[in-house]
Amino acid sequence: MKSYRKIEYSFYARTNVLQIAKELLGKVLVSVQEGKLTSGMIVECEAYTGEQDKAAHVYGGKRTKRTEKMYGDAGHAYIYFCYGMHHLINVVTHSRGIPHAVLLRALEPVEGIEIMMERRKKLKLDYTLTKGPGSLCQAMGIHTRQNGESLLGDHIWIEDQGIKIPKEQIECGPRVGVDYAGADALLPYRFWIKGNKYVSRRPKSKFDTVG
DNA sequence: CGACCGATCGTCT
DNA sequence: GACGATCGGTCGA
């Protein structure tokens, strides 16, 4: 098996979460749970820009038990339970006390596909295996018990496998499922790889462009 | 293929 | 007691 470079602390500890989100496209999320390794290339993600962001859990300085990990240091996972049945994973960025994060929304499977199919109870491989934030967590065995884990450790990390996504292949648009956020629901903070089959939904607008 | 809707439960008010 | 940063099934075109 080849050895790739694990993304280091300095990548996450930067201040521009929109830039970090764009750069995460093409990187590979790796998860080792109960000795089983699975991995997938990040093809879609969303940036959440802190306490001023009406779509973020921490809007208005809402520092609670649930959001506490978002306030922690960069390079950790913020994992929460949603809609009574799904686990969603965010990458925490910026610095302690500044709750920025990137929600991972879709992966293109790379390693451990049979393990992912088993967890997802799929008999046939199709694009729904790791499409959508809840689906990808289920496929990778990611659970709220890993909330707050370091992304520099041995269970969940992100690798640079040398895949470079050209700027013209990156599209952006409004974030999904945040209609309650008023004007902030329209901000183009969702990024995806153009045409990738694992992206969780078709673009809402043909006017989407990378700024 | 799009619109709709029920499932399901931890967290916060 | 209400409400989700969702998913998968169903229905109709």
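So you know, we letter chains A, B, ... as the sequences are listed, proteins then strands, and number each from 1.
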Asks: Is it the case that atom NZ in Lys27(A) sees more than 12 heavy atoms from other parts of the structure closer than 6.0 Å?
Replies: yes

Asks: Counting only heavy atoms not in Glu118(A), do more than 12 sit closer than 6.0 Å to its CD atom?
Replies: no

Asks: May I ask you to say whether Arg63(A) pairs ionically with Glu68(A), meaning some side-chain N is under 4.0 Å from a carboxylate O?
Replies: yes

Asks: Answer with yes or no whether the side chains of Arg119(A) and Gln138(A) bring together a donor and an acceptor at under 3.5 Å.
Replies: no

Asks: Please produce a list of atom pairs where a protein N or O lies less than 3.5 Å from an N or O of nucleotides 11-13 of chain B.
Replies:
{"unit_1": "dC12(B)", "atom_1": "OP1", "unit_2": "Thr64(A)", "atom_2": "OG1", "d": "2.1"}
{"unit_1": "dC12(B)", "atom_1": "OP1", "unit_2": "Arg66(A)", "atom_2": "N", "d": "3.1"}

Asks: Treating Asn90(A) as the side-chain partner and Val92(A) as the backbone partner, does any N or O pair qualify as donor plus acceptor under 3.5 Å?
Replies: no

Asks: Within 45° of the axis and under 6.0 Å from the centre of the six-membered ring of Tyr80(A), does NZ or CZ of Arg66(A) qualify?
Replies: yes

Asks: Let's see if you get this right: which residues in residues 72-89 of chain A place a heavy atom under 4.0 Å from DNA chain B?
Replies: Phe81(A), Tyr83(A), Gly84(A), Met85(A)

Asks: Let's test your reading of the pairing rules: Watson-Crick or G-U wobble, both distances under 3.5 Å, then write DNA chain C as a dot-bracket string with ( ), [ ], | and dots.
Replies: ||||.|||||||.

Asks: Give the rounded distance in Å between these two atoms: NZ of Lys122(A) and P of dC7(C).
Replies: 11 Å

Asks: What's the shortest heavy-atom distance between Lys131(A) and Ala106(A), and which atoms?
Replies: CA-CB, 4.4 Å

Asks: dA5(C) P sits how many Å from Lys54(A) NZ, rounded?
Replies: 16 Å

Asks: Does a sphere of radius 6.0 Å around OH in Tyr127(A) hold more than 12 heavy atoms from other residues, nucleotides or ligands, not counting ones at 6.0 Å or beyond?
Replies: no

Asks: Base, sugar-phosphate or nothing for Ser135(A)? Non-hydrogen atoms, less than 4.0 Å.
Replies: sugar-phosphate

Asks: Glu44(A) pairs by salt bridge (Lys or Arg N to Asp or Glu O under 4.0 Å) with which of Lys22(A), Lys194(A), Arg105(A)?
Replies: Arg105(A)

Asks: Can you measure Arg175(A) atom CZ to dG4(C) atom C1' for me and round it to whole angstrom units?
Replies: 15 Å

Asks: Using whole Å, what does the distance between atom P of nucleotide dA5(C) and atom CG of Leu136(A) come to?
Replies: 16 Å

Asks: Just the rounded figure in Å: distance from C1' of dT6(C) to CG of Leu129(A).
Replies: 16 Å

Asks: For atom CD of Glu114(A), is the number of surrounding heavy atoms from other residues, nucleotides or ligands below 6.0 Å larger than 12?
Replies: no

Asks: For dC7(C) and Arg120(A) - does any side-chain N or O of the residue sit under 4.0 Å from the phosphate oxygens OP1/OP2?
Replies: no

Asks: Is the phosphate of dG10(B), meaning OP1 or OP2, less than 4.0 Å from a side-chain N or O of Arg145(A)?
Replies: no

Asks: Lys69(A) has an atom NZ; how far is it from atom C1' of dA5(C), in whole Å?
Replies: 20 Å

Asks: Are there more than 12 heavy atoms of other residues, nucleotides or ligands under 6.0 Å from atom CG of Asp126(A)?
Replies: yes

